[in-house]
Structures are given as structure tokens and as C-alpha cells.
Amino acid sequence: MGSHAIESTREQRYQCQIPYRRHDSTRYRHGTVNDHATGNDGQPDSTLPHSGEPDEQYTGSGLIVEKAKRLAKIDATRAAGTEPYPYRFDRSHTLAEIRDEHAALAPGTELSDRVDVAGRVMLLRDSGKLIFATLRDRGGDIQLFVSKAVIGDAGFGAVQNLDLGDWVGVSGTVMTTRKGELSVKVDNLQLLSKAIRPLPDKWHGLTDTDTRFRQRYADLIVNAEARRTFEIRHAIIASFRRTLHETGFIEVETPVLHVEAGGAHARPFVTHHNALDMQMFLRIALELHLKRLIVAGMERVFEIGRVFRNEGISTRHNPEFTMMELYQAFADHTEMIDITERLITAAALDSTGTSVVTIFGPQEHTETVDLALPWRRARMIDLVHDAIGQDVHPSQSVEHLRGVASAHGVSCAPRWGPGKIIEELFEATVEHTLIAPTFVTGHPVEISPLARTDRYDPFLTERFELFIGGREYANGYSELNDPVEQRVRFQDEQTAKDAGDDEATGVDEDYLRALEYGMPPTGGLGIGMDRVAMLIAGVHSIKEVILFPTLRHEVL
RNA sequence: GCCCCUCUAGCUCAAUGGUUAGAGCACCGGACUUUUAAUCCGUUGGUUCUGGGUUCGAGCCCCAGGGGGGGCACCA
């Protein structure tokens, strides 16, 4: 069924390529996104050939025509005996290496150092017998200085035929221009890959958010801000790994396909395994498998992995996102608080060189926060007390707490107990005020089915959540390791599930069996990596830190 | 699911309800051996997201639908 659907989509794409099919039905095979918008523009066929001289046989512009012109250049290149898509190119330097080695050359310098570099042509400046090009590789840009007298007539013609977006490999010497621009004086140029589709505006880049997210490849080519954001994201993840390895954690991989979607409150994606004829769920958390490994004796484990929640999409939510979870034997929640602070502060320093981040509040309001300053710790019930001037505690009656809640505009579902009502009060009255990093601790037992009861207060747990700028970033606790109590908590969840709470989890019998072998005292932590990336990169939307965010299916 | 905004050339953007929807970049042709978004000259390029409607006349107003964005709800 699936492959049939793909085939028919391809067929529809090809039918958008009428000008090409008519002249060359075998070579062109690239389905395109926006072609339907231009489609067959009704021009006579003679304007759209795909062979011979590109200059005379057709005129006009628009995407279809421009691609035809570039395809004609490919044919001409092949006809001249050159492969427009060669297999490899051996470069001697990256562009950053050339910049590092020749950081302070005086204007007008000509070195004899030979270099072979490769990249994409981003700009072209043709001044007759001299052409300047801006070449870009992953690490930066450098100017190509192409003189007709140096490269020869044939080579110069090939450079004149280049289009923005083409990949080239060049050989030459290092020089600076009269104005001091570091350049490669090209004596040989080889096309490495011909671009058929024109780049977005060379100055403005791409601004249309739809196109930026759907065609991230184009976004990254032309928008330096997008490249910077993802460099930061990946530096953050690398920083986390380094900190954790230095602290004695080992990285593991656990199943994405779960029989029981536990470890969080969320609606899962449901799927089916054919050979086993079994319903399965995409994981909503990493927690329960990692704690099985603590039972196994691995002591310190972490996983950075994708989790999936079948819920709404917003500036802070993507259906698939990246969690880091870690578990440490013999530790409790206080050590998890410490490592949370270390991980995030180090990640900011490692990825941006500063621990100062900008918080975007409502109505364009921004303020800065220095993550290097000590982070506040406060109990949830104390914060609510400070906000409403009234004591709240999960030992109080549901009726009393419902009254308090409604007095503060919080409406309660019938099945909510005291703990859930207190959490809702917290979210309504406190959460948005927590701008500087704050560890909120002591969550009620009712809303923390996997956390250990507070050693001094049986109604609370040894749990914390980290809030910065009113948003949640991390969640951790002293892990519940008593299999008898865990079964009771699971049964409460099952009761809620049976009562219609489709985010509640059921009883995970295998997890209980693992606990029965004995789990040492353990601290656990989960951090939402996408949100940390948003915080440190200073962007407003989670789509800015996910390379390919979830979008509605594009109708072609 | 609800509300608001938005959609014009490959890209970035214009266009009181009133000629044949314009400009820059890109593309094509021409000039130029030190440019830096090169510059200069000349071309070309449009299903104004789709479908209806109002009107003598719709890119613009109305209705329905679609994509995207923002907000609300949901979301440990």
C-alpha cells in the first residue's frame, strides 16, 4: 500500500515536468516542490529545448525555463567530454584552514603555496577578463580570483558558465587583492556538481517560514542565522556528552518501540508490528528502560534520544523531540539538581562562549539571565503559598482545595485529587513568574508516580522541575525503587486510565519484575534538549532548533 | 478544536476597487583585469494559493476551502 502511494506521487510529479518530458523523458528525475505553481506556462515548445546552444533557442525566465537552461549546460559539458557530476575531489585545505594559515597577509601579496579547495559558489562578480567568486564550504567563505590570462580561454569559459549554487573544486595559489581580500588565484577549476535549481535571493535569503522549514536545505544554504542555531544545538549536545562522560556515565540505546508507553503522562503514537501481530507504541520517555539498566548494575547511564508525543504543535512543542535522561545509582534528587545546573551552564559556555542568555517574555519583553549565578530552589507548596497567601498541602481535603482553586480562577476536573489541584494552582499562579532559573521541588505524590516519597513528608516526593523564563526545562527525582509501592502507584494510574485519562499509563509488569530484583537508591533526570537549545541559541520557536520539524503533508 | 494574521515572478518585496500587476536579485545578451550584494546598458519572466460570489470593472471586497505563522485550549 505504501509503495503504491509513493509511486503515484512520483507520477504526479513527473506530469508537472511537461517541458522536460517532451524533450528528454529519461534524464530528468528530480521531483520538485514548487513546480506546480508555475507548471506548464503555455509557452511554445521551441522556447524550451534541452540541447544545443543555451543562448539562442529559448528565452525567458521562471523556474521551468531556468532549470532547462542549466540542464542544457550539463548536456553541453558532457558533449565536451567533461563529467558534470564527478565521483570525488581531493582537497588539500578547508577554507578555514587557509584563513587560519594566512590570517594577516598584506594587500597585494602573491604566495606560491598551492591549494586545492572545494565548495559551493555563492556569489559571482564578472568584470570581463577577471571573475571573482565567493566559494563556501562548511567552515566559511573565501574569494576565488579567476584571471583569463591565468586559467586560459577554455577554463575561463567554464567559469563564465557557472551558476550560483554549483559545487566546484579549484586548484591555485593563495593571494590577496589590492584591497586585501584573501583569495585563491585559480589555475584549474572543476565542476563537482551542477545545481539545477536557483538559490533563493543572495542578499535577503529565505524569509517565508513555510519554505524555510519545508526546504531546510535551502534555508541552511542561504541563512547564516539558521546555520548558527544548529551549530549551537550540536555544540550543546556535544557538551552534554562530554560532561557526562567525564562524570562516569555511559551512553546507551534503548528501544523506541514500546509495548507499554510509560515514564510520562502523554498520548503516544500507536503502531503495529506485522510479524508479531502486536500493537506497539513509540516511546514517550526514556525512563523505564534506563532504570532497568540501573537494576542491571550499570550504575551511571544516559541516553540522548527522540521521544514522541501525540499532542499539539506549538512554538514549544514538536511531536517528536529530543530528551536527555540520566540515572545515577546511590544518588538522590539533590545530586540531580547539581548536575542539571552543571550540564546547562557548561553547554551555554561551550556553545556560545557566554553563560548569559536572553529570555523572551510576553509582549516583546526580554531580559537577560546569567546561568552562572546560583539557581534558586523552592518547594512547590511554598511558592503557591507565597503567590496566594494561603497554605496548600496535599493532605488537605479535595473540597477545601477545590475552593481555593476556584477562588483563583482554576477550574478542576472531577477526578483530580489534592495533588493535581495544587499543581494546577502552581501553573496558574507561579509558573510564569519564574524567570531566573528555579528548581521547584516537592511535587505531590499523586502527580509523580515514579518518584520516591519525601523522606520527611509522606504527601510529597523528592522531585524537582527546573523553570527558566516561565518554561520547564528539566524534571528529576529520587527514584522510587520499592516494587510493592511502585505497583500501588501503577494501579492508581491504571484506575485513572480506566476512568478516561488517556495520558495515564498502565501497569508495566516487566518493569515491576525488574524492580523485584532490586534497584539501588538512584537519582534520575530528564532534560528537554530542544528547549535548552532554544534558550541558549535565543530563538522563539522549537522549529528553529529542529532541522526538519513536523509539518502538515505538502500537497504536490 | 477555537480566534487573529498571512499567501503576488525561482527569491525579497510593491501595487486608492479603475490602462496590459511593477521593482530589486537570479536568469539571458552586451561592456569592463582588483571586484566585495561589483557596476553600467538591454531583454525575459505572472493560474496574484484554489474555487465560487458581488461589481461595468477584483491582486484588493464577500463566502468556502488549502498552506503557513501567532494566540487560546491541550501538553508533568
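In the text below, chain A, chain B and the rest are named by the order of the sequence lines, each starting its count at 1.
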Do any side-chain nitrogens or oxygens of [X] fall under 4.0 Å of OP1 or OP2 in [N]?
{"X": "A/K202", "N": "B/rU12", "answer": "no"}
{"X": "A/R552", "N": "B/rG67", "answer": "yes"}
{"X": "A/R125", "N": "B/rU35", "answer": "no"}

In terms of ring plane angle, is the pair A/W375 and A/F439 parallel, tilted or perpendicular, where the classes change at 30° and 60°?
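A/W375 and A/F439: tilted rings.
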Over 60° means perpendicular and under 30° means parallel, so classify the ring planes of A/F490 and A/Y511, tilted if in between.
perpendicular
[X] side chain: which of [options] is closest?
{"X": "A/L123", "options": "B/rC75, B/rA38, B/rU34", "answer": "B/rA38"}
{"X": "A/F213", "options": "B/rU34, B/rU33, B/rG69", "answer": "B/rG69"}
{"X": "A/K69", "options": "B/rU34, B/rA76, B/rC27", "answer": "B/rC27"}
{"X": "A/T209", "options": "B/rG10, B/rG69, B/rA76", "answer": "B/rG69"}
{"X": "A/F132", "options": "B/rA76, B/rU34, B/rC28", "answer": "B/rU34"}
{"X": "A/T315", "options": "B/rA76, B/rG71, B/rA26", "answer": "B/rG71"}
{"X": "A/T207", "options": "B/rC13, B/rC28, B/rA76", "answer": "B/rC13"}
{"X": "A/D126", "options": "B/rC32, B/rC28, B/rU35", "answer": "B/rC32"}
{"X": "A/H317", "options": "B/rC75, B/rA76, B/rG10", "answer": "B/rC75"}
{"X": "A/D201", "options": "B/rG24, B/rC75, B/rC27", "answer": "B/rG24"}

Should [X] and [Y] count as an ion pair when the cut-off is N to O under 4.0 Å?
{"X": "A/R283", "Y": "A/E303", "answer": "yes"}
{"X": "A/E66", "Y": "A/K69", "answer": "no"}
{"X": "A/E485", "Y": "A/R489", "answer": "yes"}
{"X": "A/E446", "Y": "A/K420", "answer": "no"}

Categorize [X] for me: base, sugar-phosphate, or nothing, with a 4.0 angstrom heavy-atom threshold over every strand shown.
{"X": "A/G205", "value": "sugar-phosphate"}
{"X": "A/S147", "value": "base"}
{"X": "A/E427", "value": "nothing"}
{"X": "A/K543", "value": "sugar-phosphate"}
{"X": "A/A149", "value": "base"}
{"X": "A/I131", "value": "nothing"}
{"X": "A/P449", "value": "base"}
{"X": "A/I447", "value": "base"}

Does a distance-only test, which skips hydrogens and angles, find a donor-acceptor pair under 3.5 Å between the side chain of [X] and the base of [N]?
{"X": "A/S127", "N": "B/rU35", "value": "no"}
{"X": "A/E181", "N": "B/rU34", "value": "no"}
{"X": "A/D208", "N": "B/rG68", "value": "no"}

Gap in Å between the two [atom1] atoms, one belonging to [N] and one to [M], rounded:
{"N": "B/rG52", "M": "B/rG66", "atom1": "C1'", "answer": "15 Å"}
{"N": "B/rG46", "M": "B/rC3", "atom1": "P", "answer": "38 Å"}
{"N": "B/rU19", "M": "B/rU12", "atom1": "C1'", "answer": "27 Å"}
{"N": "B/rC62", "M": "B/rG70", "atom1": "C1'", "answer": "25 Å"}
{"N": "B/rG24", "M": "B/rU44", "atom1": "P", "answer": "13 Å"}
{"N": "B/rA26", "M": "B/rC11", "atom1": "C1'", "answer": "8 Å"}
{"N": "B/rG57", "M": "B/rC41", "atom1": "P", "answer": "42 Å"}

Has [X] got a side-chain atom pairing as donor or acceptor with [Y]'s backbone, closer than 3.5 angstrom?
{"X": "A/N310", "Y": "A/R267", "value": "no"}
{"X": "A/E462", "Y": "A/H333", "value": "no"}
{"X": "A/T550", "Y": "A/N318", "value": "no"}
{"X": "A/R379", "Y": "A/G442", "value": "no"}

Please report the distance, rounded to the nearest Å, between [atom1] in [X] and [atom2] in [N].
{"X": "A/F426", "N": "B/rA76", "atom1": "CZ", "atom2": "C1'", "result": "11 Å"}
{"X": "A/E423", "N": "B/rC74", "atom1": "CD", "atom2": "P", "result": "12 Å"}
{"X": "A/W416", "N": "B/rA76", "atom1": "CH2", "atom2": "P", "result": "11 Å"}
{"X": "A/D141", "N": "B/rA38", "atom1": "CG", "atom2": "P", "result": "12 Å"}
{"X": "A/L63", "N": "B/rU12", "atom1": "CG", "atom2": "P", "result": "13 Å"}
{"X": "A/N223", "N": "B/rC11", "atom1": "CG", "atom2": "P", "result": "13 Å"}

Testing the basics here: between A/E260 and A/G506, what is the closest heavy-atom pair and its distance to 0.1 Å?
OE2-N, 3.4 Å
Find which nucleotide of RNA chain B each of A/L551 and A/E110 is nearest to by heavy atoms, and output the residue with the more 5' nucleotide.
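Whichever sits nearer the 5' end wins; that is A/E110.
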What would the secondary structure line of RNA chain B be in dot-bracket form, counting Watson-Crick and G-U wobble pairs under 3.5 Å, with [ ] for pairs that cross earlier ones and | for pairs with another strand?
(((((((..((((....[...))))..((((.......))))......(((((..]....))))))))))))....
